[in-house]
Number of protein chains: 2
Amino acid sequence: MAEKEKVTIYDISKKLNISAATVSRALNNNPKISLKTRKLVMKTAAKMNYKQNKLAQALKSGKTHNVGVIVPYINRNFFSSVIRGIEEELSPHGYHVIICQSHEDVNNEINQINTLLNTQVDGIFMSVAKTTQKTDHIEKVLSENTPLVFFDRKKDVAGLSSVTIDDFRGGYLATEHLIKQGCKKIAHFSGDLNLEIYKNRYEGYIAAMKDYGIEAIKEFSLQVNSKLESGASAVRDLWNHRIKPDAIFSASDYAALGAIQELKKMGVKIPDEVCVVGFSNEPFTKYMELPITSVDQTPVDMGRNAAKVFLEQIQGSKTLTIEKKVVLAPELYIRDSSNRETIEKPLVSKE
Amino acid sequence: MAEKEKVTIYDISKKLNISAATVSRALNNNPKISLKTRKLVMKTAAKMNYKQNKLAQALKSGKTHNVGVIVPYINRNFFSSVIRGIEEELSPHGYHVIICQSHEDVNNEINQINTLLNTQVDGIFMSVAKTTQKTDHIEKVLSENTPLVFFDRKKDVAGLSSVTIDDFRGGYLATEHLIKQGCKKIAHFSGDLNLEIYKNRYEGYIAAMKDYGIEAIKEFSLQVNSKLESGASAVRDLWNHRIKPDAIFSASDYAALGAIQELKKMGVKIPDEVCVVGFSNEPFTKYMELPITSVDQTPVDMGRNAAKVFLEQIQGSKTLTIEKKVVLAPELYIRDSSNRETIEKPLVSKE
DNA sequence: TACTTTAGTGCAATCGATTACAAAAATTAT
DNA sequence: ATAATTTTTGTAATCGATTGCACTAAAGTA
């Protein structure tokens, strides 16, 4: 239980009878210090078990080597995967990742940003809350010269970079796939259209319908929460009408699953009568007995890319703000919930 | 785009023609400063948009208000949920949570601990890697007087607190439940017995069998990875013998699912012929068409409790090391994969 | 009035590392 | 050998906030 005696450069300097400045330079491999002393200092430092005090260094340099990540909830598969990507890309560069949750509330978001700025993070990554409308708090980050990189859910703020997937394309791919399965009356469960991502998925859906000359019935587009029950109730609503959909493209896997469960309860055959496609490629989609087709957002990759953008950003001249928009390609994982061609074949769920 | 002018207490002191010391005291509501000056300083600080420099403060006080969390992978539902709990409990107290991944490798774990100690975190939370045997790096944390709290996967190190679930009881409950379903030949898929958690689940299984006077056949206990394919292959192995199990208690939900898929492929009826119970209550277990019975580990609660232990720890006198072991009660979620009583009844999956 | 308290502030050191600038030591040139 | 360089090292300020100690002025006491 040796009491911890923090060793500082002063301790080293005293022991060697040289100045702390020399020690500091030697440890930083400053060529102005003779090789002899440099080696001596290094050796002594190691022997004394010297550990640099990052705090002092951070105070002096203004760089903490900490970055903050703000997400709605950390235990959502998508977000924790992005964070994983960020951590894995940044960790080798000596950065630590601080996580914050907004709980989908702008006010929390504002607070988190403030405390992060207070602790002098070198950068911030974030996916905005659903309730975020104004961007004052975000612009504030910019004005403090702290790089901010959006991922997935972004806001249009001049000078800020972002990494997203091509949600439009994701929506398009999903819809096109359904069309190719022979579906004509395709319903769409959209999310909160206040968020760009959902708007884009919706527009991708509309575009695909148009491109293939299929009418997108207005009543078939519903705003549905990302919950099983919401999906189920949406199905109930839809099936109350005279014209019933023969496919559902849900912008949420959860709503898609709820829909599937409800349809089964109603005795509707999937994918024979109705094809269903979700979005996000949540882990459960591939585990189901009837695996669910879904659009993958490559979250880990998204995190890695966001980290890369950040690294570029801090490398460049600090006066010049670069605005970089990285758009990743979504991938459609076709599974049984929409794959009519597997009906006669043995069931094989992809991935 | 006003260039960011960092306001310090010196700026305030200059403006008011008082010393920085007075400003500092006033801002900290030190009663030695007259109410008049205190209010004046506060007002001026607010007006000048002063923000305390946490780095300077941290350097002076030695407290960063940062804690580190080390987990194998952050995007596993269990771990991200624990982290959520930690974050939510600690955030109101002004702490930030830094996340690190060990990738199930001790060497990473050692590095992470070192960098965390270097950045002077006020505490460390961790779930050890599977490969962790020696505990030198952990004892080092102790010797630096940094509180460390284990959660879920702990090591026995004198003086260190931990928060876990009662895995023995979890194993017991699961097994007991299977016995009550009328199962007699219960197989067990255990995880890496090097980890306490798996050993305890196994022992809970053994104890339940013993208590109910049922023989635990040695060949029915297999070490199985936490992967679908491992569960499937384990089933194939088991069903190659003359005596076949009538139930499986898997220490992993993934292996349980793999087993279920394999059994279905073999035409074995679940739960009629074989009951299956998993462990962890992964989100997918309740979404399946045949929802899987599983033992819930209350991860968010575990995180919250770990955070509480930490808070107590730093409150207490620093010389006295308290060793607190919090053991949470696991909860068995009975679902269709093991619930024979629901066979004639309408399917209702709990939770 | 003279003297002790007490309240309110300021001075200066401190936390540990970095870095202009100055100074000393070692080399080279003349 | 001495001046001119070049190397190497030291001094002291700095990053911002905190705090023990000292000091001033006002209030209280005798």
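Every chain is numbered from 1 and lettered A, B, ... according to where its sequence line falls, protein lines coming before strand lines.
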Discussion item. Has A:Arg25 got a side-chain atom pairing as donor or acceptor with A:Asn30's backbone, closer than 3.5 angstrom?
Written reply: no

Worksheet item: In whole angstrom, what separates A:Asn30's CG from C:dC21's C1'?
Response: 14 Å

Worksheet item: Which heavy atom of A:Glu89 sits nearest a heavy atom of A:Arg304, and at what distance?
Response: OE1-NE, 3.0 Å

Worksheet, complete the sentence: All heavy atoms of B:Leu328 vs all of B:Met302, minimum pair found to be CD1-CA, 3.6 Å

Worksheet item: Rounding to a whole Å, what distance do you find between A:Lys63:NZ and D:dT14:P?
Response: 21 Å

Worksheet item: Just to confirm, is there a sub-4.0 Å distance from OP1 or OP2 of C:dT19 to any side-chain nitrogen or oxygen of A:Ser24?
Response: no

Discussion item. Nearest to the side chain of A:Leu59, heavy atoms from C-beta on, is which of D:dA17, D:dG16, D:dG10?
Written reply: D:dG16

Worksheet item: Of the nucleotides D:dT8, D:dC21, C:dT19, which one has an atom closest to the side chain of A:Arg25?
Response: C:dT19

Item to complete: Rounded off to whole Å, could you give me the CD1-to-C1' distance for the B:Ile9 and C:dT9 pair?
Response: 14 Å

Discussion item. Please classify the nucleic acid contact of A:Ile18 as base, sugar-phosphate, or nothing, using heavy-atom distances under 4.0 Å.
Written reply: sugar-phosphate

Worksheet item: For the atom pair CZ (A:Arg153) and OG (A:Ser162), what is the distance rounded to the nearest 0.5 Å?
Response: 14.5 Å

Worksheet item: What integer distance in Å separates A:Leu16:CG from D:dT8:P?
Response: 18 Å

Fill in: Selection from C:dA12, C:dT9, D:dG10 that lies nearest to any side-chain heavy atom of A:Ser19
D:dG10

Practice prompt. Write down the distance between NZ (B:Lys54) and P (D:dG16), rounded to a whole number of angstrom.
Written response: 16 Å

Item to complete: Indicate, with a heavy-atom threshold strictly under 4.0 Å, whether B:Ser61 touches base, sugar-phosphate, or nothing.
Response: nothing

Discussion item. Please compare A:Thr37 and A:Tyr10 by the position of their nearest nucleotide in DNA chain D and report the one closer to 5'.
Written reply: A:Thr37

Worksheet item: Which one, D:dT11, C:dC15, C:dC11, comes nearest to the side chain of B:Lys60?
Response: C:dC15

Fill in: A:Gln52 vs C:dT18: side-chain N/O to OP1/OP2 distance below 4.0 Å
yes

Worksheet item: Starting at NZ of B:Lys14 and ending at C1' of C:dT9, how long is that distance when rounded to a whole Å?
Response: 19 Å

Fill in: Atom-to-atom span, CG of B:Asn118 to P of C:dG16 - whole angstrom
14 Å

Discussion item. On the nucleotide D:dG16, are OP1 or OP2 found under 4.0 Å from the side-chain N or O atoms that B:Gln57 carries?
Written reply: no

Fill in: Nearest-neighbour nucleotide for the B:Tyr50 side chain, D:dA17, D:dG20, C:dC11 considered
D:dA17

Worksheet, complete the sentence: Checking D:dT8, D:dA17, C:dA17 against the side chain of A:Ala56 (C-beta onward), the nearest is C:dA17

Worksheet item: Is the count of non-hydrogen atoms from other residues, nucleotides or ligands lying under 6.0 Å from B:Lys325 atom NZ greater than 12?
Response: yes

Worksheet item: Rounded to whole angstroms, how far apart are CD1 on A:Ile33 and C1' on D:dT6?
Response: 14 Å

Worksheet entry | Residue met sooner reading DNA chain C from 5', once A:Leu27 and A:Lys32 are mapped to nucleotides | A:Leu27

Fill in: More than 12 heavy atoms of other groups within 6.0 Å of B:Lys15 NZ
no

Worksheet item: Is any side-chain N or O of B:Asn28 closer than 4.0 Å to OP1 or OP2 of D:dA17?
Response: no

Worksheet entry | Closest listed nucleotide, where the reference is the side chain of B:Ser34 and the choices are C:dG16, D:dG20, C:dG8 | C:dG8

